[in-house]
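Numbers restart at 1 for each chain; the letters A, B, ... are given by sequence-line order, proteins then strands.
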Protein chains: 2
Amino acid sequence: MLRRLADSGERMTEPREIVVRALSAETGVINPEALSYDLHPRGVGRATVYRTLDLLERYGMLTRVHVEGCHGYTLCDEGHHHHLLCSACGRVVPVDATGVEAEILRLAEQLKFRVDTHTLEFAGLCQACQKKTR
Amino acid sequence: MLRRLADSGERMTEPREIVVRALSAETGVINPEALSYDLHPRGVGRATVYRTLDLLERYGMLTRVHVEGCHGYTLCDEGHHHHLLCSACGRVVPVDATGVEAEILRLAEQLKFRVDTHTLEFAGLCQACQKKTR
DNA sequence: ATTCATGCAAAGCTTTTGCATACAC
DNA sequence: GTGTATGCAAAAGCTTTGCATGAAT
């Protein structure tokens, strides 16, 4: 992740490194405000956190998610995929949804709508949390 | 829409009626702040607009959409469906979702993830705007 | 008569911006 | 040395809330 930034010609600053390392440790949805709060004692300003998240999103390493108050990000390193968000443990499970997408594109074509981007997210319970609840 | 509110036992107040009528005239994404601004001269307060949108969403007559700054609603009167949002004219085109739905269920079952809700939106150009651009 | 919705203004929360300083290249 | 990123604080958005008033049932 750091390497990718460097390779893209971005400056490798300490704050950026701190942010990226904190993100890597995260398994669930990333809340910018909470992250700022966590990183502030380490000398990283709020604005820098927001700016870095923005940067990573532009490079496609992060995606915005819209569940739970509409203000989060999640890691997004592999190819194109979507996310299952567990509402109990907060975990984010990447999922290949090509079947769903194909269906959509078929519909769009039928309606002569040119689809540029799309958003597809699921919320529910992961396998582990289903067991706990039962 | 008004009838549905009344049938649900909600009070039929003038501000609510004004909001609902304004919504019906809308073909695109509804921006709460802009709507408040429009309706303020007619004596409807900001808070009432937000509260009414919230109310309508709870009854499923409105859905939140997440494109363009992540803060909008769109009309949602028919059965279950999704939306194609035209980024040029702002129009919202509903799309029947039964095929997509089946795909989603299949996927969830395969992953043993219990899907409670999902978000699926598309942004692009509607047929009319594609022609204009060309 | 009661209860619920309203408008206003203020507060809350999240995100962005201006600017001088410090750091990476 | 130059140009960009940073931290801070302030500003800007958007949404919610407290409260007294007014309207609907």
Is a side-chain donor or acceptor of Gln130(A) paired with a backbone partner of Leu125(A) at a separation under 3.5 angstrom? yes

From CZ of Arg64(B) across to C1' of dC14(D) the rounded distance in Å is 11 Å

Report the distance from atom CG of Asn31(A) to atom C1' of dT15(C), rounded to the nearest whole Å. 12 Å

Evaluate whether atom CD of Glu10(B) has more than 12 neighbouring non-hydrogen atoms of other residues, nucleotides or ligands under 6.0 angstrom away. yes

Strictly below 4.0 Å, heavy-atom distances to any atom of DNA chain D: list the hits from residues 45-57 of chain A, or just say none. Gly45(A), Ala47(A), Thr48(A), Arg51(A)

Within a radius of less than 6.0 Å around CD of Glu57(A), do more than 12 heavy atoms belonging to other residues, nucleotides or ligands occur? yes

What is the separation between atom CG on Leu5(A) and atom P on dA5(D), rounded to the nearest whole Å? 11 Å

Nearest-0.5 Å distance, OG1 of residue Thr119(A) to CZ of residue Phe122(B): 8.5 Å

Among all residues two or more places apart in sequence or in another chain, which pass the side-chain hydrogen bond (donor to acceptor under 3.5 Å, both in side chains) test with Asp38(A)? none

Glu17(A) CD - dT6(D) C1' separation (whole Å): 16 Å

Can you measure Arg16(A) atom CZ to dA24(C) atom P for me and round it to whole angstrom units? 11 Å

Tell me whether Tyr50(B) shares a hydrophobic cluster with Tyr37(B), the cluster being built from Ile, Leu, Val, Met, Phe, Trp, Tyr side chains joined at under 4.5 Å. no

Gap between atoms CZ and P, on Arg42(A) and dG7(D) respectively (whole Å): 12 Å

Using a 4.0 Å cut-off on protein heavy atoms (strictly under), produce a 5'-to-3' string for nucleotides 20-25 of chain D with B for base contact, S for backbone-only sugar-phosphate contact, and - for none. ---BBS

When you group the ILVMFWY residues by side-chain heavy-atom contacts below 4.5 Å and let the links chain together, are Ile30(A) and Leu2(A) in the same group? yes

Before accepting this row, confirm whether a basic side-chain N of the pair Arg106(B)/Glu103(B) lies closer than 4.0 Å to the acidic partner's carboxylate O. yes

Return no unless some side-chain N or O of His40(B) is found under 4.0 Å from OP1 or OP2 of dG7(C). no

